[in-house]
Amino acid sequence: MKHLYPFYSKVRPEQRKDMMQQEPWLIWLTGLSGSGKSTLAVGLEHYLFQKGYKVYLLDGDNMRSGLNSDLGFTRQDRKENVRRVSEVAKLMLDAGLVVIGAFISPYEVERALVRETVGSDRYTEVYINCPLQVCEQRDVKGLYDKAQRGLIPAFTGVSAPYEVPAAPDVIVKTAEESVEDSLRKLIEVVEPLLVKQQQVKHKPDVRGMGITGAAS
Ligand SMILES: Nc1ncnc2c1ncn2[C@@H]1O[C@H](COP(=O)(O)OS(=O)(=O)O)[C@@H](OP(=O)(O)O)[C@H]1O
Ligand SMILES: Nc1ncnc2c1ncn2[C@@H]1O[C@H](COP(=O)(O)OP(=O)(O)O)[C@@H](O)[C@H]1O
């Protein structure tokens, strides 16, 4: 039995939105290695940052260098990788940020878990669609070549599966579009989601702000 006693913040989500002047949102980019996730995620983050949004990018290679450095690419480790990232993203959303996640996340069940963890009302799944042959030709990091020579086990698309998203919110086809075109398409869908829906006004009421034992 776990003896846990979660506390509840006195800062309401609406107050955070007011402070941050944006809708917290997770934009999740899934696709094969070399499909264009990092290129588009970096571009989207940069664009949104320049426009004044408080935005942060979580990327597979980066997360796997720190928090998830103990994980490899077995079925179980990929599941744990995405589970941890979804919990990190949830905390960042609760703090009011816009979060971009760029992960292969090859299994439908884990992508559904991300959606469920953060809440489907603040989640957009983007399928970075690019045929395997094109990714192999690009071979940005030389990983396909190594995987084909048997030097990298369980490489997505070569020796491990990638389940095409059944119902993504957005699809970008990076073999057919320029980087600029794909980025524009992404921005056109994403930016309207982040604009704060309504300004919430509240009086500066300091009663019960957690100061205990003080004379009232
Ligand atoms: N076996 C294997 N399969 C796929 N990818 C591999 C593998 N080994 C290392 N890499 C590198 O890890 C990056 C993908 O990490 P992710 O955390 O996004 O993967 S996953 O969501 O857990 O499947 C991936 O980055 P991208 O190329 O940007 O997708 C690779 O750089
Ligand atoms: N429309 C596009 N969108 C994104 N990347 C593209 C596009 N067209 C070509 N590319 C190229 O494809 C490569 C994608 O690499 P990268 O972003 O590292 O992929 P991933 O992060 O999915 O492994 C880059 O060299 C990029 O310039």
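Only heavy atoms go into these numbers, but all of them, side chains included; no hydrogens, no water, no symmetry mates. Counting starts at 1 for both ligands and their atoms, in listed order.
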Exercise. Using heavy atoms and a threshold below 4.0 Å, how should the contact between Arg64 and ligand 1 be classified: side chain, backbone, both, or neither?
Worked result: side chain
Exercise. Under a 4.0 Å heavy-atom limit, does Ile104 contact ligand 1 with its side chain, its backbone, both, or neither?
Worked result: both
Problem set entry | Close-contact set for ligand 1 against Ser105 heavy atoms, below 4.0 Å | 20 (S), 21 (O), 23 (O)
For this session: Give the contacting part of Phe73 toward ligand 1: side chain, backbone, both or neither, where contact means a heavy-atom distance below 4.0 Å.
Result: side chain
Exercise. Does the side chain of Tyr123 pick up a donor-acceptor pair with the side chain of Thr117 at under 3.5 Å?
Worked result: no
Problem set entry | Glu23/Arg122 salt bridge by N-O under 4.0 Å criterion | no
Seminar exercise, completed: Closest to atom 29 (O) of ligand 1 among protein heavy atoms sits Lys37 NZ, 2.9 Å
Exercise. Does Glu80 come within less than 4.0 Å of Arg83, counting only side-chain N to carboxylate O?
Worked result: yes
For this session: Report the member of Arg138, Lys146, Lys141 with the shortest heavy-atom distance to atom 31 (O) of ligand 1.
Result: Lys141
Exercise. For ligand 1, which atoms sit closer than 4.0 Å to a heavy atom of Phe103?
Worked result: 17 (O), 18 (O), 21 (O)
Problem set entry | Geometric cation-pi criterion Arg64 and Phe73, 6.0 Å radius, 45° cone | yes
Exercise. Any idea how Phe103 and Trp28 line up, ring-wise: parallel (<30°), tilted (30 to 60°), or perpendicular (>60°)?
Worked result: parallel
Problem set entry | For Asp61, atoms of ligand 1 separated by under 4.0 Å from a heavy atom | 11 (C), 12 (O), 13 (C), 25 (O), 28 (O), 30 (C), 31 (O)
Exercise. Any heavy atom of Pro153 sitting closer than 4.0 Å to ligand 1?
Worked result: yes
Exercise. Can you check whether Gly34's main-chain N or O pairs, donor with acceptor, with Arg138's side chain at less than 3.5 Å?
Worked result: yes
Exercise. If you draw a 6.0 Å radius around NZ in Lys173, do more than 12 non-hydrogen atoms from other residues or ligands fall strictly inside?
Worked result: no
Exercise. What atoms in ligand 1 come closer than 4.0 Å to a heavy atom of Leu143?
Worked result: 30 (C), 31 (O)
Exercise. Heavy atom under 4.0 Å from ligand 1: found in Ile152's side chain, backbone, both, or neither?
Worked result: side chain
Exercise. Atom 20 (S) of ligand 1: which protein heavy atom is closest, and how many Å away?
Worked result: Asn81 ND2, 3.7 Å
Seminar exercise, completed: Note: ligand 1 atoms sitting under 4.0 Å from heavy atoms of Ala154 are 1 (N), 2 (C), 3 (N)
Seminar exercise, completed: The atoms of ligand 1 lying under 4.0 Å from a heavy atom of Ser33, numbered in the order shown, are 26 (P), 27 (O), 29 (O)
For this session: Return yes if a side-chain donor-acceptor contact under 3.5 Å exists between Ser35 and Asn129, otherwise no.
Result: no
Exercise. Going by atom types only, do Glu191 and Tyr47 share a side-chain donor-acceptor pair under 3.5 Å?
Worked result: yes
For this session: Cation-pi check, Arg149 to Tyr144: give yes when NZ or CZ is under 6.0 Å from the six-membered ring centre and within 45° of the ring axis, no otherwise.
Result: no
For this session: Using distance alone, with no hydrogens and no angle criterion, decide if Ser182 and Glu177 have a side-chain donor and acceptor under 3.5 Å apart.
Result: yes
Exercise. When you measure from atom 2 (C) of ligand 1 to every protein heavy atom, which one gives the shortest distance, and what is it?
Worked result: Phe155 CD1, 3.3 Å
Starting from the N and O atoms of ligand 2, collect every protein N/O partner closer than 3.5 Å and put each pair on its own line with the distance to 0.1 Å.
from     : atom 1 : to     : atom 2 : distance (Å)
ligand 2 : 1 (N)  : Glu177 : O      : 2.9
ligand 2 : 1 (N)  : Ser178 : O      : 3.1
ligand 2 : 1 (N)  : Ser182 : OG     : 2.9
ligand 2 : 8 (N)  : Thr174 : O      : 3.4
ligand 2 : 12 (O) : Arg138 : NE     : 3.3
ligand 2 : 12 (O) : Arg138 : NH1    : 3.2
ligand 2 : 17 (O) : Thr39  : N      : 2.9
ligand 2 : 17 (O) : Thr39  : OG1    : 2.5
ligand 2 : 19 (O) : Gly36  : N      : 3.1
ligand 2 : 21 (O) : Ser38  : N      : 2.8
ligand 2 : 21 (O) : Ser38  : OG     : 2.7
ligand 2 : 22 (O) : Leu32  : O      : 3.4
ligand 2 : 22 (O) : Gly34  : N      : 3.4
ligand 2 : 22 (O) : Ser35  : N      : 3.2
ligand 2 : 22 (O) : Ser35  : OG     : 3.4
ligand 2 : 22 (O) : Gly36  : N      : 3.0
ligand 2 : 22 (O) : Lys37  : N      : 2.9
ligand 2 : 22 (O) : Lys37  : NZ     : 2.8
ligand 2 : 23 (O) : Gly34  : N      : 2.7

Exercise. So how far is it from Leu183 CG to Glu188 CD, rounded to the nearest 0.5 Å?
Worked result: 10.0 Å
Exercise. Do any N or O atoms from the side chain of Thr30 and from the backbone of Ile104 form a donor-acceptor pair under 3.5 angstrom?
Worked result: yes
Problem set entry | Salt-bridge criterion met for Asp121 and Arg115 (N-O under 4.0 Å) | no
Exercise. What protein heavy atom sits nearest atom 23 (O) of ligand 1, and how far away is it?
Worked result: Arg78 NH1, 2.8 Å
